Amino acid sequence: MNALDVAGIVCMTAGALVFLVGSIGLLRLQDFYARLSGVSIAGALGTALLLLGLLLHYPTVDNAIKIGLALLIQLATAAVGGNAIARAGYLVGVKPTEKTQFDDLAATEKDG
Amino acid sequence: MTLAITIGIMVAGGVYLMLQRGMVRIVLGLVLLGHSVNLLIMSAGGVFRRDLPLLQFGTALTAGDPLPQAFVLTAIVIAFSIAIYMLTLAASGSDDDTEDAS
Amino acid sequence: MNTSLLPLFVAVPLVSAGLLIVLGGPLWLRRTLLLAPSSAALLASTGLIWLTRDGAVFAHNVGLWQDGIAIPFVADVLSALMLWTTSLLALVCSAFAIATGDDRRPFFATLVLVLTAGVSGALLTGDIFNMFVFIEVMLLPSYGLLAMLGALGRLRAGRIYVTVNLLTSTIFLAGVALVYASAGTVHLGELAGAAKEDPAVAVGAGVVILALSIKAAVVPVHGWLARTYPAASPAVTALFSGLHTKVAIYAIYRLYAMIFDGDAKFLWIGVVAFTLTMVIGVLGAVGENTTRSILVFHMISQIGYILLGVALFTELGLMAGIFYLIHHMIVKASLFLSTGAIEHTYGTGALDRLGGIAQREPLLALVFMGAALSLAGLPPFSGFVAKLTLVTAAVDDAQWTAVAVMIAVSLITLMSMLKIWGGVFWGREPKPHELPEPAVVGADGSVATRTTVPVKIRPALIAPGLVLTATTLCIGLGAQVLLDLSAQAAAGLMDTSGYVEAVLGR
Amino acid sequence: MTHLMWALRVLRFPFYAGWEIIRTSFEVMWDIVTPGSASTPAFVEVPIRCGSDLETTMLANLISLTPGTVTVAVRRAPATLWVHGLYVKDRASFLEGIREMENHILAATRLTGPPESAPAEGGRN
Amino acid sequence: MHYIDIGLAAIVLAMAIATYRILTGPSAADRGAASDVVFFGFVGLVAMLGYRLDTELVVDIVLVSALVGFLAALSLARLITGGKR
Amino acid sequence: MVLLILLIVLAVTVASTPLLDRLLGRNAGWPIAAVFLGLTLLVAAQAPQVLGSGEPLEFSRPWMPQIGVELHLRMDGLGWLFTMLVTGIGALIMAYSTRYFPPRRRFGFYFLMTLFATAMSGLVLADDVVLLFVFWELTTIASFYLIGLSGPSASRPAIRTFLLTAMGGLALLAAAVLLIVRTGTSQLSVILADTSWTEDTGFVSLVAVLVAVAVFTKSAQFPFHYWLPDAMAASTPVSAYLHAAAMVKAGIYLAMRFTPAFGDLLLWNTLLIVLGLTTAVVGAVFALQQHDLKRLAAFSTVSQLGFLVAVIGVGTPEALVAAAVHTVAHALFKSALFMSVGLVDIQAGTRDLRQLGGLRRRMPVTAALAALAALSMAGIPPLLGFISKENLFEAFLHAPGPAWFGPVAGAAAVGAAAFTFAYSFRFVYGAFWGEPRGDAEERTASEARPSFWLPAMTASLGGVLLGLTVPILDTMVNEVALNATHEAADAHLLLWHGLNAALGMSAAAVGLGALLAWRSRSGDALAGRDLVPVTGVWIFEFLHEGIVRVGRRTGDLTRTDSPAFHLGVPVVLIIALASVVAVVGLDLPPVAGQTAMGLDWLLVGLMAVAVGAAVVTRSRMAGLALVGVAGFTVALWLFFLGAFDVALTQLLVEILTVVVAVLVLRRLPKKFHRVKRSRTALTAVIAIGAGLTAAVGAYALTGRREISAAGEYFLGNAPEDTGGTNVVNTILVDYRALDTFGELVVLGVAGLIIIAVLHSSGLLPVHSSRRVVVGGTNAAYPPEDNTVLMRTVGRFLMPLLVLWSVYLLFRGHNEPGGGFIAGLVGGSGFALLYLAAPSDDRARIRLAYPAIIGAGVLVAAFSGFLGYADGSFLKPLHAEIPLAWGGYFHFTTALVFDVGVYLAVVGVLLTALNELGLERGEGSVREPEGFRTDRPSAQASGDDAPALDGSTTGGNR
Ligand code: NA
Ligand code: NA
């Protein structure tokens, strides 16, 4: 087992744990909008670490391009997906927690 | 054995859903059943040879039986075709409830 | 014979279907594209019957791959007979659909063509997975045909139809998987007798047969058929009745003969189930009050008769069953078409709303009654020969209960046929206001309020049924022709070595 | 020369973004694994300087990717994002954080680097 | 037992937790968000399995998953709003 | 030959009735009568051979050689007698009909009557039990229509008659089949000559009972007698023919024909004698009770047939002689009587005895011929009826069985004969003597023209003539008795036999009858009284109703539109099958390798979680998502099992299923329907049963052999055979391209039927519970700006998807990919376009997607046809194409095939997105123009179908 392999395993295990924490966030965080942070932990950092681990295991140029591309796409789409779901939730009136300090979006409606 | 258990779980869930009211749950149940049969086909080829039948990458000696794989591929597409049609029926004409009395 | 032509039974209608979508074109062209493949298939299958009449079996490895690897297309006299009958029905039902205007609906012609291609494929293939595929090719268009045409309840019926058929196909596929798991092949030639030797194969093949029985609407899994067929348009019901359940029946005959090699130890199950099917079906029929629901329950009952042939699994029984199968396909379609002509014109098939049609439509009455008497097994129609040979076969096999039931059931069959006759053809003519609006708008798109009882049923609506009733009469009078072919087919099922030799060269 | 500088800024951007993601992820993860919650959530209107759809998208996506913030709504003219922040101590510091991100993005997308002029303070107080 | 199996178990556990959130909601938006996590978990699992089962080809699956997984998220978002764009 | 001529002439007559009817109207009866007369003479001319030398005429042709059935005709003495009756009486009735009916066309009548005559002739000449049955049923069918001809009121009686006689027919069929199978032949004369089966008491008893049922139903014997009076709805000529010569006589013929087999069987004797005499008495009593002349005559037939059946039951040659004579006598007097009823009915306008009386003055000829016929019926010398009754009495006295049986039978016969005398008297006296009782019309009745009464008079005088010259019948009746019993008879028929028991019985019958007629005021005292509480018709209708009710209940068993029921039954059946297999047990080979790997358990756990959650959730969205999770888990499983292509396909399909499902789910409520607890419990039990079945089945029945021969072949030969190294793909596009072709058709058709169904039914609107609550002015609301993120990302993803999909398509033969996967990836691109569009209008994909589907099918088929160049449909062709940068590209038509697959997949996805994803105008299934302009090919389709344009191209809406 070479150094890259070890690094790969470390990356992957770390990614998996980050992922786990992210999904625990789905349980623990207070409202829908907060829970979206759990999603981005898993989708961004978690997935990125896992892909990196994979690349370290198969370190070829070919794979670097493919995995790099995959990571880029993954991050871009995870972000847009997160945005779409956040907005959808907002549109159908998912209530934020009582602790929410202010809501500039709701204000745009009153102005309108 | 693990595959058999998986199949059992899916069939139980699929049958349960299929016997409920409402077209959507029936469709979901049938989708699960379809998946389970696909796994059964894989199981029919034997689960102890698990290498890819891609001869560029591996050897034919340990590759899984390719014939069931081809069957499953065909079955997946057919099941997909019917599933989207059934979903259309679910939202066509009236509510997707399949029973008169509530 | 150049066996490489066999796949054309599938390919030609599919090409025609594809052209219909891509080209569109004027109505005459679309109708030509609809009718030409069935006409060609009718001619080709006539030739095929001629070539196989002495028991010859033709096989073609599609793609010319080696024996056992390729999907074989196989034609023997049984598949040739089925091809002939299905082509005839497709042609006649299409003609009827043209007369009712059904063929102007989106994709109607395309779907019918795909349906016939699927049926032909299922009849010709010698590979059970491929059979699954072709059964699906046959079913998909049917899902659409049922739900896009027909009465108010068509969507409800469509839901039952598609879900039950999908479940059944799933079960079928599970059976195929189990067969492959034990036998390591899905090739019918290699499976010859496998279930007799290996109980594990028998279980798998049993699951396949069970699935086919559901598709054939054997009691107790008949309910779906009774609920769905009456909701389709008459042309579609006729098409389905002639093709769908019958392909399942064909497959039961074929697979039981091939895979089980007619294994005697399971036959009693069939005798029980099929006898029950006769009884439950006919009782259901006599209890119904619209033409089509009566006919549909009958179909269930008759399916019991047809399948009894395979449950006897004697040369005589198989011959009788095959004869019955061909006869039934023709007669049943004729009945659906002649009552369909009434339904189309009068807007209802309810017995208590119709009456006196024999007086107004003597020809149609004759067409209906010929087929009805044939169905009930009365001479000189084909149904009589069918019943006679089947009863003889059952007596020969000492299946006394089945014999008694067959005889009693045919009386109740007659009773329910007379129920239609008394309710629709004799009796008081309906007043205009008692009839609903026409179910389908006129060819010019107009929807008129009904002020008079429809004047006359158009000849184009009567002719298709007439062709079929004439056919049943001819089959009855010249029974030896079809009996000979059926006997030959039965011989091929009793001794499958010819089939195996043709597909495997050994 | 400009191009070389730009290339360097482009190369730097992924490391910046990666670092931001890691940093904010650990912030939120800490909140998750420790009992209780330190959150002070709010929906904040964020005026931005991004001109093209690409820049807007990059900013909005980076906001969404970094745990603790998520873009909820977008307006192109005048360019504005509405962001849900989990830890909004006060509006100004939150806007400052976003502005920082924006600077990095504009540095990577524009040959000339980020505009030095501050945006009109269209935000609310 | 392989080192990586701990990670595999962790992801499966994470997916199970997300499944719980799909089940309990409470809002449709929560279900959508949790579904997203399950999908990411799937991508992660594939990556780890590529390592574990020694198949470089998983890179292809990962790439395709990343390309199309997005669709699921967008679709679910669309469902939440009943089709409003 | 004669027999063939006979039947051919009859058949030609039947066929020519439409023409005759068109030319002559009711007078068509004349030429038909002439033909019948000619045939009668022809048959009569055969008497020297058939009766004299006892040589039957025979004719035979094969019909159904497979079961040994032949067109075998045979005329012996018995056949001769009945053929004479059929044609002779037929001639009279046909002639009579020309004047009975008003002058207009009577197509159905003559057609059916001649058909009836043909069937009846065939029946008595058939020497094959199957042929016999065929003609037997033909008479049933013909009589059904003849009765039904009389209009709506006759339909019920006709149906009752049909069902009852058909029941008898079925009994006959059963008997026939039993005999065929037992004796190995269907030739009647051979069967009857064969004594082997008659010695098996059980078998012969069964057959005898079946034949007896046929006889009783056809000849209207108690308890099946009710149909005959019921059938009086038919016109009088029909009744005359039915009662005198056809239909009912078929039963008599059958009983006589089978006497050689059953004559010595006590069961047969007893059954026939007891029921026959009961019928004779009951029928006679009922006859006396009637007001309607026709009904009186009908009950009289019932009674007379009772005599005949009973005497056949005696079974001795003497008894059969009596039966033969009485058959002739009855044919003559009954046809005359019916014809006279018709004469009265037409001339006087009624046949009700309460309105008639004294007609002899105005209708003397009719009165005379009716009186002669009635006297014959009453058994008064010197008429033929007297002689036949004498013989009957004599025969009854020698009935088999215990010693007391003969005298008792005789006494019963005398009783019946007394009633016969009484009702005969009632008939003649009530109509022709006494004073007119009714209104104006029959007071002015006049005698019919000779052409109308002549046929009746002929029959009537026939009874007189034959009575006076009765010895000329000796040869015939002896031959008949010989044919019917296979024992020689030596009868000498005479008017005067001397003072014997029979004469005493005749005298007693006449005396008692006279007394009865006097005491009952010629029957008036008894008429119209209900002697029994129920009628046969009531019993029939009761049973009929009962069967219909049972049928209704039977139908109710499955009368539900809930798919759950129809889906549950098959599942339960499977569980039952599995349970049986489990109980019986199977001998299974050992497991062939490792069936579980450690990692597998992860997937088991994941699946359990997903399925468990999917089962309990009540949210539609959650259900969809959770089933999706299960689908992903399946993809992982496939990946575990080395099915890389399949896993990729599964993944893509799963995503696209979600995409499409969402389009549908938004139109439905958020929650699933509530289900009762009891149902939940039941379905859970079934589900667990099914799950166990599946798990145990999968474990027990799979994985117990090494890799299959086919699998080994593919792995070993694919590169060489096909030039591809992705073995699964080579199976899909080379070895089993036919499967794939079917599969792509299935997929394409799914697209088409989605369009077709939506064209006819439309979609639900978006469900109210899924509406957006935020106002239109909220910054989160405007779609144009808020979708900018996904559009921007999409702009970069789209080319990647396209490139990637083309790459996957081309490399599929060697590496993971192929038409399906590529098509799904390409289709995903369109899905992305759809999802990211800021408005429906911009989301609409302006491509002729049905045409793309069609093109896919055509391209695939085209590659298939290319294969014919090398000998087979779908056989791939290969070519090495040199590349510009060196090397070769291995081209195969399998790639063309894969392009077809690709097109179909893309077409279907486009269809689903456009058809399900876009809102339509309210109440309209039309979509805006613009679509059409993109598709010139679809234009023509609407040309002559204005109401349903776009009839083959759903996109053209
Ligand atoms: Na509905
Ligand atoms: Na975030």
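First the proteins, then the strands, lettered A, B, ... as listed; each starts at 1. Just so you know, these numbers come straight off a predicted model, no measurement behind them.
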Residue part contacting chain B, namely of F/V908, when any heavy atom lies under 4.5 Å
side chain
Side chain / backbone / both / neither for F/T680 at chain B, heavy atoms under 4.5 Å:
both
Name the member of F/I686, F/D739, F/I688 that forms the most heavy-atom pairs with chain B at distances under 4.5 Å.
F/I686
Need one label for F/A710: side chain, backbone, both or neither, based on atoms under 4.5 Å from any heavy atom in chain B.
side chain
Heavy-atom pairs under 4.5 Å with chain B: which of F/V571, F/V685, F/V749, F/L747 has the most?
F/L747
Non-hydrogen atoms of chain B under 4.5 Å away: do they reach the side chain of F/P816, the backbone, both or neither?
both
B/R50 to F/F639 six-membered ring, cation-pi geometry met (6.0 Å, 45°)
no
What part of F/L665 is in contact with chain B, defined as an atom under 4.5 angstrom from a non-hydrogen atom: side chain, backbone, both or neither?
side chain
Side chain / backbone / both / neither for F/L668 at chain B, heavy atoms under 4.5 Å
side chain
Whatever's closer than 4.5 Å to a heavy atom in chain F on B/L17 counts as side chain
So for F/L648, is it side chain, backbone, both, or neither that comes closer than 4.5 Å to the heavy atoms of chain B?
neither
At a 4.5 Å cut-off on heavy atoms, which part of B/V47 comes close to chain F: side chain, backbone, both, or neither?
both
Could you look at F/F820 and say if it's the side chain, the backbone, both or neither that has a heavy atom under 4.5 Å from chain B?
side chain
Go through the atoms of F/F640 and report whether side chain, backbone, both or neither lie under 4.5 Å from a heavy atom of chain B.
both
Quick one: what part of F/V611 sits under 4.5 Å from any heavy atom of chain B, side chain, backbone, both or neither?
side chain
Heavy-atom contact with chain F under 4.5 Å, split by part of B/D51:
backbone
From the list F/A592, F/P669, F/G751, F/A608, the residue making the most non-hydrogen contacts under 4.5 Å with chain B is F/A592
If you tally heavy-atom pairs under 4.5 Å between each of F/R705, F/R679, F/R620, F/R666 and chain B, the highest tally belongs to F/R679
Part of B/L39 within contact of chain F (heavy atom distance under 4.5 Å):
side chain
Chain F heavy atoms under 4.5 Å from B/I26: which part of the residue, side chain, backbone, both or neither?
side chain
Quick one: does any side-chain atom of B/R49 pair with a main-chain N or O of B/L61 as donor and acceptor, under 3.5 Å?
yes
Looking only at heavy atoms, what is the nearest atom pair of F/L624 and B/L28, with distance?
N-CD1, 3.9 Å
Quick check on the interface: out of F/N814, F/V696, F/L692, who has the most heavy-atom pairs with chain B under 4.5 Å?
F/N814
Chain B contacts, top residue of F/E743, F/M597, F/M607 (heavy-atom pairs, under 4.5 Å)
F/E743
Evaluate side-chain contact (heavy atoms from CB on, under 4.5 Å) for F/F714 paired with F/T730, printing each intermediate quantity in order.
CA-CA 9 Å; F/F714 292 126; F/T730 62; 5.7 Å; no
Heavy-atom side-chain contact between F/V634 and F/E654 under 4.5 Å:
no
The interface call for F/V646 against chain B, heavy-atom contacts under 4.5 Å, is both
Say whether, by atom type as modelled, one donor and one acceptor occur between the side chain of B/Q69 and the main chain of F/G642 under 3.5 angstrom.
yes
